[in-house]
2 protein chains.
Amino acid sequence: MATDTSNSIDSNHSSSAYERLEQDILTGHLKPGERLRLKELIETYNTGNSPMREALSRLSARGLVVREENRGFSVPHASKESLKELLKTRCWLEEIGLRESITAGGSEWEEGIVLAFHWLHQATNSDESSSGRKSPKWSKYHLGFHVALISACESSILIDFCTQLQGRSFRYSNLAKISKHAGRNELEEHREIKDATLNRDADLAVSKLHKHYTTTLEILLASDRFD
Amino acid sequence: MATDTSNSIDSNHSSSAYERLEQDILTGHLKPGERLRLKELIETYNTGNSPMREALSRLSARGLVVREENRGFSVPHASKESLKELLKTRCWLEEIGLRESITAGGSEWEEGIVLAFHWLHQATNSDESSSGRKSPKWSKYHLGFHVALISACESSILIDFCTQLQGRSFRYSNLAKISKHAGRNELEEHREIKDATLNRDADLAVSKLHKHYTTTLEILLASDRFD
DNA sequence: GATTAACAATATATCGAAAATTTTGGAGCA
DNA sequence: TGCTCCAAAATTTTCGATATATTGTTAATC
């Protein structure tokens with residue numbers, strides 16, 4: 001008769017703690033450098049010692065939590081330098097994924113992109129009509145779109161790496177607390193990437209993708225919220 | 001007065017179990033698909049429930065162990081398909097790392113390569129004079145050499161990813177159980193990569209590096225030990 | 001004979017407390 | 001004031017036991 005306060009699909013405590021803690025770090029609810037004391041986490045996430053430590057261990061292995069031997073865990077620091085490194089690496093990896101997909105992708109891949117863009121489009125509209133903020137739904141579809149682009153690269157490893165990096169980028173976006181930037185039409189940027197990709201114009205698609213991330217980087221750096 | 005049977009540097013059980021289990025998987029001592037029963041692992045690695053589960057959790061987050069909810073852990077399967085994917089991805093990522101390093105690397109980076117090659121050379125000689133097998137020492141220097149090549153790419157993320165992939169490749173080498181292949185002069189391959197790199201001839205260096213991995217792939221596939 | 005229900009056996013996941021380690025704070029001293 | 005040393009407090013890490021889930025076996029039913 002365990003009182004499951006979460007609505008998580010996962011059966012066990014460890015996975016649900018993993019997902020909830022991951023969210024709180026990515027959304028910026030937990031601040032960079034903040035110590036993650038076991039006792040507090042246990043209270044927050046309504047679970048026990050072991051599952052919580054397991055969740056922390058898993059997250060630390062993926063770079064979303066910092067582990068210090070016998071000194072516990074903490075949220076990774078955020079700095080301009082590591083943001084630059086992050087987006088640079090993302091450009092490199094997603095360029096490969098995109099080029100490979102454009103070469104190898106079939107109709108299934110194309111359909112995936114069309115649909116992913118459709119949902120991103122919908123989410124963008126509904127966000128604009130309500131708040132000016134980016135909704136969790138939008139984030140989900142944004143992630144989905146970028147994954148769809150590279151999904152035909154025939155390397156699940158690369159896709160996994162790119163997904164990890166998207167998560168970390170997402171954290172920086174949230175930490176910067178800028179949702180809608182004056183003069184930026186993100187949907188249009190995505191559309192251009194989509195169109196170039198579906199036209200199988202690899203060079204153009206990559207160039208649009210790089211520009212997309214360069215713009216993101218500049219806006220985030222300008223927010224001046226990191227060391 | 002804990003009886004520390006290992007000579008590990010790490011202080012706590014979790015990390016020592018992590019490293020030892022990682023080794024046993026990478027060296028192929030634990031076979032693909034093999035179930036990792038907690039009770040047995042605890043006996044093998046002389047530790048308790050919690051540290052062992054933590055080690056497993058960490059390894060699963062890095063793809064070196066497969067986790068199935070409420071069904072425990074196991075060693076990842078090995079197949080020709082995933083080997084191909086692995087080496088393909090390695091080529092992609094290390095090409096980036098190498099090109100970036102050739103562009104950005106300074107004298108420190110060059111020295112690192114010279115030294116890494118020197119030690120690999122030494123280890124190769126001492127291996128040949130004794131057994132025909134590859135020693136743990138050789139593996140260590142081999143890893144070191146390939147990391148040295150990309151170490152000036154200015155992305156610790158990329159280096160980490162490449163290191164992970166090297167680990168997985170190493171496992172396949174060990175599973176294939178081929179140490180010295182007739183007609184292959186691995187040291188010479190490494191020397192060519194090194195020379196092209198130090199001459200800052202990116203295209204040649206990359207081409208030699210790709211050939212190096214293509215050769216490895218062919219030999220491993222020919223061993224016919226995977227599904 | 002095949003299918004399934006109930007039960008026993010096995011293994012995983014979690015809990016609560018003990019043990020070990022690090023951090024904190026203050027007393028004593030130069 | 002600044003420093004070292006020591007004990008108390010806080011925190012992390014580990015252990016042993018319990019709860020929960022899965023797997024395998026047997027018996028009952030059609």
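A note on names: the letters A, B, ... follow the listed sequences, proteins ahead of strands, and every chain is numbered from 1.
When each of C:dC15, D:dC15, C:dA13 is scored by its nearest atom to the side-chain atoms of B:Phe73, the top-ranked nucleotide is C:dA13.
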Q: Report the C-alpha distance between A:His146 and A:His190 in whole Å, list the side-chain angles of each, state the deciding distance to 0.1 Å, and finish with yes or no for ring-ring contact (aromatic ring centres under 6.0 Å, His included).
A: CA-CA 9 Å; A:His146 282 284; A:His190 288 117; 5.3 Å; yes
Q: Show the numbers, then the answer: is there a salt bridge (charged side-chain N to carboxylate O under 4.0 Å, His left out) between A:Arg62 and A:Asp160?
A: CA-CA 11 Å; A:Arg62 300 205 124 220; A:Asp160 177 53; 2.8 Å; yes
Q: Let me see the working for A:Arg58 and B:Glu54 under salt bridge (charged side-chain N to carboxylate O under 4.0 Å, His left out), right down to the final yes or no.
A: CA-CA 8 Å; A:Arg58 291 206 256 164; B:Glu54 247 178 65; over 6 Å; no
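Residue A:His13 has a polar side-chain atom (N or O) positioned under 4.0 Å from OP1 or OP2 of C:dC15.
Atom P of nucleotide C:dT14 and atom CG of A:Asn12 are separated by 5 Å, given to the nearest angstrom. Between the CD atom of A:Glu54 and the P atom of D:dT12 there is a distance of 17 Å, rounded to whole Å. When rounded to the nearest whole Å, the span between CZ of A:Arg53 and C1' of C:dC15 equals 15 Å. The distance from atom CE of B:Met52 to atom P of D:dT13 is 17 Å, rounded to the nearest whole Å. The CD1 atom of A:Ile42 sits 9 Å away from the P atom of C:dC15 (whole-angstrom rounding). Nucleotide C:dT14 holds its P atom 14 Å from the CG atom of A:Asn46, rounded to whole Å. Put simply, CG on A:Asn49 is 16 Å from C1' on D:dA19, counting in whole angstrom units. Following rounding to the nearest Å, A:Leu56 (CG) and D:dT12 (C1') show an atom-to-atom distance of 11 Å.
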Please produce a list of atom pairs where a protein N or O lies less than 3.5 Å from an N or O of nucleotides 9-11 of chain D.
none

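How far NZ of B:Lys84 is from CG of B:Leu221: 6.5 Å, rounded to the nearest 0.5 Å.
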Could you pull out all donor-acceptor pairs under 3.5 Å where a side-chain atom in residues 106-119 of chain B meets a protein atom, sequence neighbours excluded?
from: B:Trp109; atom 1: NE1; to: B:Ala148; atom 2: O; distance (Å): 3.2
from: B:Trp109; atom 1: NE1; to: B:Leu149; atom 2: O; distance (Å): 3.0
from: B:Glu110; atom 1: OE2; to: B:Arg200; atom 2: NH2; distance (Å): 2.5

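In this structure, a donor-acceptor pair under 3.5 Å is absent between the side chains of A:Tyr141 and A:Gln122.
Across all strands, A:Asn70 comes closer than 4.0 Å only to sugar-phosphate atoms, never to a base (heavy-atom distances).
With A:Asn46 contributing its side chain and A:Ile42 its backbone, the two residues share no donor-acceptor pair below 3.5 Å.
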